[in-house]
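Reminder, nothing fancy here: chain letters follow the sequence lines and each chain counts from 1. From a predicted model like this one, the values you see are computed outputs, not experimental measurements.
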There are 2 protein chains.
Amino acid sequence: MRIHIGPEHDDHLAAAVVAGGGTLSALDDADALVWTGGAEDFPELPDRVRWVQLTFAGIEPFFRAGLIDDRRMWANASGVYADNVAEYAVGALLVGLRQFHASVTAREWTKDRLDPRVRTLHGSTVAIVGCGGIGRAMIPRLHALGAEVVAVNRSGRPVDGAKVTLPAERAAEVWSTADHFVIAAPATAATDRLVDAAVLTEMPETAWLVNVARGNLVDTDALVDALKTGAIAGAVLDVTDPEPLPAGHPLWELENAVITPHIANTRTHLTANFAPTLEENVRRFLKGEELLARVDPSVGY
Amino acid sequence: MRIHIGPEHDDHLAAAVVAGGGTLSALDDADALVWTGGAEDFPELPDRVRWVQLTFAGIEPFFRAGLIDDRRMWANASGVYADNVAEYAVGALLVGLRQFHASVTAREWTKDRLDPRVRTLHGSTVAIVGCGGIGRAMIPRLHALGAEVVAVNRSGRPVDGAKVTLPAERAAEVWSTADHFVIAAPATAATDRLVDAAVLTEMPETAWLVNVARGNLVDTDALVDALKTGAIAGAVLDVTDPEPLPAGHPLWELENAVITPHIANTRTHLTANFAPTLEENVRRFLKGEELLARVDPSVGY
């Protein structure tokens, strides 16, 4: 089985292809393509390519570009980086609840100001909205830290370890009942601006919001308003709308908004972290088995 | 059994005394004293006071003032706030490793700068130096986050869940072998400036140092040098020397130093959090049982 890696060669991925039983080839001769680039420079595929392996979890640009269809199999990296993103999300909650964000910018001892604002993760309830691989990786971490979890997913099928699992159409129930919120849902038409002005009003005033999904799941203007008026305590965003967030955007200036530049899953170690999954998928493709993280064109992820 | 609460009345503690089977009284008639104040305004005790219950874990000012001796029993709040401080310490590690501290002050999208600097807690080894109640509360949290723990304590008696436990006299072995360091030892003559210039040189350049013990366990001038030269990656300090850290101190200006104003255990909820322990100790005192967190004058905590 011949596999092309593009747009650039990568040592980690090449080794994984070989270890899984494949051989490296030019695209014209390839049975499969491993693509580390974006949708905008995606190549014209020969008909013989039966499998495209993407190396990111968020692949909505490929859907928007009309690239993903039933003519061949597509797989993404959903779940591969879950531990990494889950760790980030737990850290993001602690950054806000424990007032680290306000401490970083302090230039004097402000105990009287910060002490009463500290909240604890232990004893709190965290809602994970879009509780897939990242959410499942968060649950044991949150439990060890003494928090309970309410999960929201598409089907409402109970998530192990969640106190309650709600289907997406009942997400409205979660905003006024949980203490803090992690948005980890795939970006689809159904989740666009899921967190809007009305939702932000329903959240407790002490709530912290963490977004590790895609920027457009949160209505940015509504969030700026909510952070300014104190409708919620704060937000930690690894993804923004627009992204990259331009210099001068009001979010940069808000003390209760922490913006990290899409580093919950770092690019630096990406292909090294993805290599074991690629190796397994090469093996499965050779045997005709179901691929890990196969994309379902009908649902959009 | 008559118990006096001073220097001020406190509803949470008063309720705990009564629930434990005691009655509230003036100091002159008291069999026991619950003291929420400092050493500097500690009262002259009638001989009939057989037990003094302090409500903090760090009681070295009472030792320095010569107040603690064998004439009566003393107990402190060691371990009571362990969950709270452990949660802070885990958060502090994530603040540094995941580059939240640098993100907070950013006013533009700096992925190229921050992405390569991100480290993960999963896969790392954290040394807990002074692995008592706080350290034991950290271990399940760190395990759930995928980190291993090396413990250092006075006796070297193995700590549950630690990969290795070293006695204090072998602490030197830990500095060059762990990835990150949490200082949680009691402040005694033996731990004063435990982390000095030599120790900071031995730590990996990627190490983050967290201090939740007392400021004087770290040599502040040596730490400033180490942070400036990049001998270590950064430090998160909830306690400082001097404390409060004065405005204008060089630590405030260092991007890789995060100073929180002694809020790992918040004063705001202190007596409410301590009340269950007081109730139990009142019960034990009445029955003549060993008190929780009884102070051993011979070791200094």
Side-chain angles (χ1 to χ4, degrees), chain A residues 83-84 86-88 90-95 97-123 140-146 236 238 240 243-249 252-253 255 258-269, chain B residues 83-84 86-88 90-95 97-123 140-146 236 238 240 243-249 252-253 255 258-269:
Chain A
D83 279 335
N84 208 5
E87 177 177 307
Y88 167 95
V90 168
L93 288 167
L94 290 172
V95 164
L97 272 65
R98 308 294 309 218
Q99 297 291 307
F100 285 107
H101 69 297
S103 299
V104 164
T105 53
R107 289 295 174 269
E108 58 182 336
W109 198 260
T110 53
K111 182 169 175 70
D112 290 344
R113 189 169 73 94
L114 298 187
D115 190 293
R117 294 193 198 176
V118 171
R119 301 289 174 271
T120 62
L121 204 44
H122 61 92
R141 290 164 164 85
L142 289 172
H143 282 174
L145 283 153
V236 184
D238 192 50
T240 58
E243 183 176 320
L245 194 70
H249 192 283
W252 291 119
E253 298 302 327
E255 194 207 43
V258 177
I259 315 297
T260 59
H262 212 137
I263 55 176
N265 180 35
T266 51
R267 189 176 52 201
T268 308
H269 305 290
Chain B
D83 279 335
N84 207 6
E87 177 177 308
Y88 168 95
V90 168
L93 288 166
L94 291 171
V95 164
L97 272 65
R98 306 295 307 218
Q99 298 289 308
F100 285 107
H101 69 298
S103 299
V104 165
T105 53
R107 290 293 174 272
E108 58 182 337
W109 198 260
T110 53
K111 182 167 174 72
D112 290 344
R113 189 170 73 95
L114 297 188
D115 190 292
R117 294 193 198 176
V118 171
R119 302 288 174 269
T120 62
L121 203 44
H122 60 94
R141 290 165 164 84
L142 290 171
H143 281 175
L145 284 154
V236 183
D238 191 50
T240 58
E243 183 176 318
L245 194 71
H249 193 283
W252 292 119
E253 298 302 325
E255 194 206 43
V258 177
I259 314 297
T260 58
H262 210 136
I263 55 176
N265 180 36
T266 49
R267 190 176 51 201
T268 307
H269 304 292

Handout entry: Side chain, backbone, both or neither of A/Ala86 within contact of chain B (heavy atoms, under 4.5 Å)
Key =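 Neither part.
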Practice task
Can you tell which part of A/Ile263 gets under 4.5 Å to a heavy atom of chain B, answering side chain, backbone, both or neither?
Solution key: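 Backbone plus side chain of A/Ile263, per the 4.5 Å heavy-atom cut-off to chain B.
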Any idea which heavy atoms bring [X] and [Y] closest together, and the distance?
X: B/Pro140; Y: A/Ala144; answer: O-CB, 3.6 Å
X: A/Gly91; Y: B/Leu94; answer: CA-CD1, 3.5 Å
X: A/Leu145; Y: B/Glu87; answer: O-OE1, 3.9 Å
X: A/Tyr88; Y: B/Arg98; answer: CB-NH2, 3.7 Å
X: B/His262; Y: A/Lys111; answer: O-NZ, 2.6 Å

Practice task
Would you mind telling me which of B/Val236, B/Leu93, B/Val118 has the largest number of heavy-atom pairs within less than 4.5 Å of chain A?
Solution key: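 Ranked by heavy-atom pairs under 4.5 Å with chain A, first place is B/Val118.
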Problem - Student check: side-chain heavy atoms of A/Thr260 and B/Leu114 closer than 4.5 Å - result: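 Result no, sub-4.5 Å side-chain heavy-atom pair not found.
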Exercise for the section: Look at B/Arg267 together with A/Asp112 and state whether they make a salt bridge at an N to O cut-off of under 4.0 Å. Expected result: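 Salt bridge present between B/Arg267 and A/Asp112.
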Handout entry: Test side-chain contact (heavy atoms from CB on, under 4.5 Å) applied to A/Val104 and B/Phe100, step by step
Key = CA-CA 9 Å; A/Val104 164; B/Phe100 285 107; over 6 Å; no
Practice task
List for me each residue that meets side-chain contact (heavy atoms from CB on, under 4.5 Å) alongside A/Glu255, sequence neighbours excluded, and say none if there are none.
Solution key: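 Partners of A/Glu255 by the side-chain contact (heavy atoms from CB on, under 4.5 Å) criterion, ordered by chain and then number, come out as A/Ala102, A/Thr105, A/Arg113, A/Arg117.
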Handout entry: Top of A/Pro246, A/Ala247, A/Ala92 for chain B proximity - count of heavy-atom pairs under 4.5 angstrom
Key =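 Winner by heavy-atom pair count: A/Ala92.
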Practice task
With rounding to the nearest 0.5 Å, note down the distance linking CD in A/Glu243 to CH2 in B/Trp109.
Solution key: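 Separation between the atoms: 4.0 Å.
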Handout entry: Pairwise distance NE2(B/His249) to CD(A/Glu108) - rounded to 0.5 angstrom
Key =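 Rounded to the nearest 0.5 Å, the NE2-CD separation comes to 15.0 Å.
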Exercise for the section: Go through the side-chain N and O atoms of B/Asp115 and A/Thr266 and say whether any donor and acceptor fall under 3.5 Å apart. Expected result: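 No, because no side-chain N or O of B/Asp115 sits under 3.5 Å from a partner of the opposite role on A/Thr266.
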Handout entry: side chain to side chain donor-acceptor pair (under 3.5 Å) against B/Arg141, all qualifying residues, sequence neighbours excluded
Key =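 B/Arg141 satisfies side chain to side chain donor-acceptor pair (under 3.5 Å) with B/Asp83 only.
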